[in-house]
Amino acid sequence: MAKKTKYYVVWKGKKPGVYTSWEECKKQINGFEGAQYKSFLSESEAKIAFKKMYNDYKGVNTKKEVLSKKELEKYGKPILTSLSVDAACAGNPGIMEYRGVDTKSKKQIFIQGPFKKGTNNIGEFLAIVHGLAFLKQKKLDTYPIYTDSKIAMSWVQKKQCRTNVVFDKENSDLLNLIKRAEKWLQENKYSNPILKWETKVWGEIPADFGRK
């Protein structure tokens, strides 16, 4: 699937304007003290934003698609009595960590890492399995788990972390954790629904590390 073009508004930078690539945007803000910029999903939104002030968009999620009432009804609302999991990774592979939070309160239930030479998908996979094991231990057999990673969901279904990461001494602890997770999936049954978090409708998953 082709990657959607993003539009970048630079209000304060070397040359303010609307740019169609992150590289071009970066040229305008790198080394510019107090730079003001933000990304948008459409050119029309970006052009409207450029005519306004940066403060009008500060703290606003401009990456969220505007959906019709029919589309919103299709997705409904998330089940708040649930566990949400997510991972963050600086680099690919890079420094990775993952966590699980209560969907409603956003209270952190568990966090693991940082691990060297990991990936976001590995973290998402481990987070789901960690969540399943946690809920089984607490006898919460019908508690749903939300993730925004389709890849991690498929790996859990197949009971295998299908990563291409090369493991060595630096990330051997991560490999051991993956093996433990795969073993747990082979030896345990669970009835917890693993559900896809619909980011474009509900915003970022509550377990998000907020580093995007």
Side-chain angles (χ1 to χ4, degrees), residues 1-8 19-32 35 37-41 59 61-64 83-101 103 106-134 145-185 194 196-200 202-212:
M1 188 183 287
K3 195 174 181 181
K4 287 185 178 179
T5 302
K6 280 186 182 177
Y7 297 85
Y8 300 86
Y19 296 89
T20 56
S21 76
W22 170 239
E23 290 304 315
E24 284 300 312
C25 174
K26 203 158 57 170
K27 287 177 187 175
Q28 312 310 319
I29 61 174
N30 273 359
F32 191 96
Y37 61 97
K38 209 167 186 68
S39 66
F40 293 82
L41 293 176
N61 182 7
T62 55
K63 297 173 187 175
K64 191 173 175 181
L83 183 72
S84 291
V85 300
D86 199 21
C89 191
N92 187 35
I95 304 298
M96 180 274 289
E97 55 190 319
Y98 71 80
R99 68 174 181 161
V101 307
T103 303
K106 297 186 181 180
K107 180 184 175 183
Q108 186 167 278
I109 307 298
F110 60 79
I111 186 166
Q112 291 290 313
F115 301 100
K116 291 181 180 178
K117 293 185 177 179
T119 68
N120 215 61
N121 287 329
I122 291 174
E124 299 270 8
F125 169 79
L126 291 173
I128 295 171
V129 181
H130 192 140
L132 289 171
F134 171 81
I145 294 179
Y146 278 107
T147 174
D148 58 11
S149 172
K150 285 184 179 178
I151 291 173
M153 289 173 76
S154 71
W155 286 358
V156 170
Q157 190 176 25
K158 290 163 185 163
K159 302 180 181 181
Q160 187 180 15
C161 181
R162 299 190 167 189
T163 181
N164 294 319
V165 168
V166 176
F167 292 94
D168 54 29
K169 287 181 180 178
E170 279 194 273
N171 59 357
S172 59
D173 56 341
L174 191 55
L175 177 60
N176 290 334
L177 206 57
I178 290 169
K179 286 179 177 177
R180 278 178 55 193
E182 290 175 338
K183 188 172 186 286
W184 190 92
L185 289 171
I194 300 172
K196 175 74 170 62
W197 182 268
E198 301 296 346
T199 308
K200 68 178 181 180
W202 304 329
E204 294 295 346
I205 193 165
D208 182 65
F209 282 82
R211 297 173 189 167
K212 292 180 176 66

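One-based numbering along the sequence shown.
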Find out whether Val156 and Leu185 are in side-chain contact, i.e. whether some heavy atom of one side chain is under 4.5 Å from a heavy atom of the other. yes

Would you compute the distance between atom SG of Cys89 and atom CZ of Phe115 and round it to the nearest 0.5 angstrom? 11.5 Å

Output all residues satisfying side chain to side chain contact (heavy atoms under 4.5 Å, CB included) with Ala35, sequence neighbours left out; order by chain, then residue number. Ile29, Phe32, Tyr37

Shortest non-hydrogen contact between Pro206 and Lys106, atoms and distance: CB-CG, 3.9 Å

With a sphere of 6.0 Å drawn around CG of Asn30, does it hold more than 12 non-hydrogen atoms of other residues, nucleotides or ligands? yes

After noting the C-alpha distance and the side-chain angles of Tyr8 and Thr20, does the key distance pass the side-chain contact (heavy atoms from CB on, under 4.5 Å) rule? CA-CA 6 Å; Tyr8 300 86; Thr20 56; over 6 Å; no

Contact between Phe209 and Ile111 at the side-chain level, heavy atoms closer than 4.5 Å - yes or no? yes

Partner set under salt bridge (Lys or Arg N to Asp or Glu O under 4.0 Å) for Lys26, not counting sequence neighbours: Glu23

Checking Lys116, Met96, Gln112 against Leu174 for side chain to side chain contact (heavy atoms under 4.5 Å, CB included), the one that qualifies is Met96

With rounding to the nearest 0.5 Å, note down the distance linking CH2 in Trp22 to NZ in Lys27. 13.0 Å

Could you go through the side-chain contact (heavy atoms from CB on, under 4.5 Å) check for Tyr7 and Tyr19 one step at a time? CA-CA 6 Å; Tyr7 297 85; Tyr19 296 89; over 6 Å; no

In a table with atom names and distances, give each donor-acceptor pair under 3.5 Å that connects a side chain of residues 118-130 to protein atoms at least two apart or in another chain.
unit_1, atom_1, unit_2, atom_2, d
Thr119, OG1, Ile122, N, 3.1
Glu124, OE1, Thr147, OG1, 3.2
His130, ND1, Tyr98, OH, 3.0

Interatomic distance, Asp208 atom CG to Thr199 atom OG1 [nearest 0.5 angstrom]: 8.5 Å

Test: side-chain hydrogen bond (donor to acceptor under 3.5 Å, both in side chains). Region: residues 151-161. Which pairs qualify, not counting sequence neighbours? Gln160-Arg162

Pairs meeting criterion side-chain hydrogen bond (donor to acceptor under 3.5 Å, both in side chains) with involvement of residues 172-185, two or more places apart: Lys183-Glu187

Trp197 side-chain N/O to Gly203 backbone N/O, donor-acceptor pair under 3.5 Å: yes

So which of Ile194, Leu83, Val85 actually passes side chain to side chain contact (heavy atoms under 4.5 Å, CB included) with Leu132? Ile194

Non-neighbouring partners of Asp168 that pass side chain to side chain contact (heavy atoms under 4.5 Å, CB included), sequence neighbours left out: Lys117, Glu170, Asn171

Does Arg99 count as lying over the ring of Phe110, i.e. NZ or CZ under 6.0 Å from the six-ring centre, within 45 degrees of the axis? no

